[in-house]
Amino acid sequence: MWKRLKNNFDSGIEKIRWFSSLFSERLKIEYLVMKLLYRSEQLERKRDEFMKKIGRRVYELKGYSDRYILKDGIVIEALSEIEKINAEIDVTRKKASEISRIEA
């Protein structure tokens with residue numbers, strides 16, 4: 001009887017270890033996904049700041065009809081930064097999507 005009780009106890013401990021290991025790995029994955037999504041949000045805020053910068057510059061140049069806005073240095077620089085940020089946002093979201101699909 002003691003042997004059966006010990007075997008059941010050992011089996012229960014093994015199941016607890018397995019579950020805690022699985023839970024720990026899944027928690028790490030979820031934390032990583034949250035970090036990636038937070039990074040994506042930060043990049044979106046940075047992109048919005050560049051868009052505001054473009055809007056301010058367009059407003060500043062509204063009185064100059066002879067200026068071509070898309071050839072302005074500040075606007076060109078902001079547009080190139082926005083393109084870089086958009087690419088980084090896509091990569092970050094793709095990583096988060098791939099990681100969240102992983103099954104343990």
Side-chain angles (χ1 to χ4, degrees):
M1 179 165 149
W2 288 107
K3 187 175 182 177
R4 193 171 105 193
L5 184 62
K6 183 181 177 332
N7 287 341
N8 286 343
F9 182 76
D10 290 342
S11 174
I13 293 294
E14 190 61 35
K15 287 178 184 178
I16 290 172
R17 283 186 186 154
W18 175 82
F19 180 76
S20 64
S21 171
L22 179 68
F23 185 71
S24 173
E25 287 300 315
R26 192 61 205 177
L27 194 58
K28 287 177 189 175
I29 291 170
E30 292 300 323
Y31 178 69
L32 184 58
V33 168
M34 285 189 298
K35 280 177 41 177
L36 288 170
L37 292 176
Y38 178 72
R39 175 73 178 140
S40 175
E41 290 292 323
Q42 286 179 326
L43 290 170
E44 286 178 4
R45 283 190 219 116
K46 190 174 180 182
R47 180 185 60 192
D48 290 344
E49 287 300 317
F50 280 110
M51 288 184 177
K52 287 178 187 177
K53 186 176 184 180
I54 291 171
R56 277 192 228 93
R57 186 63 179 163
V58 168
Y59 184 76
E60 290 171 2
L61 296 175
K62 77 175 183 161
Y64 302 99
S65 59
D66 59 332
R67 299 279 314 245
Y68 186 59
I69 293 172
L70 293 178
K71 297 228 182 216
D72 185 65
I74 295 172
V75 174
I76 290 172
E77 180 183 330
L79 286 173
S80 87
E81 286 296 320
I82 287 172
E83 288 175 11
K84 289 177 191 175
I85 290 171
N86 282 339
E88 195 171 343
I89 287 171
D90 290 341
V91 168
T92 304
R93 286 186 177 164
K94 186 179 276 187
K95 280 183 188 177
S97 176
E98 289 172 1
I99 290 172
S100 67
R101 275 191 260 140
I102 294 175
E103 293 181 18

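Just so it is clear, the values below take in all heavy atoms, side chains as well, and ignore hydrogens, waters and symmetry mates.
By the side-chain contact (heavy atoms from CB on, under 4.5 Å) test, Lys46 pairs with Phe50, Ile85, sequence neighbours left out. Remark: Arg39 pairs with Glu88 by the side-chain hydrogen bond (donor to acceptor under 3.5 Å, both in side chains) rule, at least two apart or across chains. Every residue meeting the side-chain contact (heavy atoms from CB on, under 4.5 Å) condition with Val91, not counting sequence neighbours, appears here in chain and number order: Lys95. Residues passing the side-chain contact (heavy atoms from CB on, under 4.5 Å) test with Ile16, sequence neighbours excluded: none. Residues that satisfy the salt bridge (charged side-chain N to carboxylate O under 4.0 Å, His left out) test with Glu30, not counting sequence neighbours, are Arg26. Considering only residues two or more places apart in sequence or on other chains, Lys94 meets the salt bridge (charged side-chain N to carboxylate O under 4.0 Å, His left out) condition with none of them. By the salt bridge (charged side-chain N to carboxylate O under 4.0 Å, His left out) test, Lys62 is found to be paired with no residue, residues two or more places apart in sequence or in another chain being considered. When the side-chain hydrogen bond (donor to acceptor under 3.5 Å, both in side chains) test is applied to Gln42, the partners found at least two apart in sequence or on another chain are Tyr38. Arg47 pairs by the side-chain hydrogen bond (donor to acceptor under 3.5 Å, both in side chains) definition with Asn86, not counting sequence neighbours. Every side-chain contact (heavy atoms from CB on, under 4.5 Å) that Lys28 has, sequence neighbours left out, goes to Ser24, Glu25. For Glu49, the salt bridge (charged side-chain N to carboxylate O under 4.0 Å, His left out) criterion is met by Lys52, not counting sequence neighbours. Residues that satisfy the side-chain hydrogen bond (donor to acceptor under 3.5 Å, both in side chains) test with Glu60, not counting sequence neighbours, are Arg57.
Shortest non-hydrogen contact noted between Ser40 and Ile89 is OG-CG2, 3.8 Å. For the pair Ala96 and Leu37, the tightest heavy-atom approach, listed with the atom from each and the gap, is CB-CD2, 4.1 Å. Taking all atoms of both residues into account, the shortest heavy-atom contact from Leu70 to Ile76 is O-CG1, 3.3 Å.
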Dump the intermediate steps for side-chain contact (heavy atoms from CB on, under 4.5 Å) on Tyr31 and Met34, then the final yes or no.
CA-CA 5 Å; Tyr31 178 69; Met34 285 189 298; 4.3 Å; yes

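One finds the CD1 atom of Ile54 at 10.0 Å from the CD atom of Glu77 (value rounded to the nearest 0.5 Å). To the nearest 0.5 Å, atoms CG (Leu27) and CG (Leu32) are separated by 11.5 Å. Between atom OG of residue Ser100 and atom CG of residue Leu36 there is a gap of 10.0 Å, rounded to the nearest 0.5 Å.
Side-chain atoms of Arg17 and Ser21 form no donor-acceptor pair, as typed in the model, at a separation below 3.5 Å.
At a threshold of 4.5 Å between side-chain heavy atoms, the hydrophobic network of Ile, Leu, Val, Met, Phe, Trp and Tyr places Leu79 and Ile74 in two separate groups.
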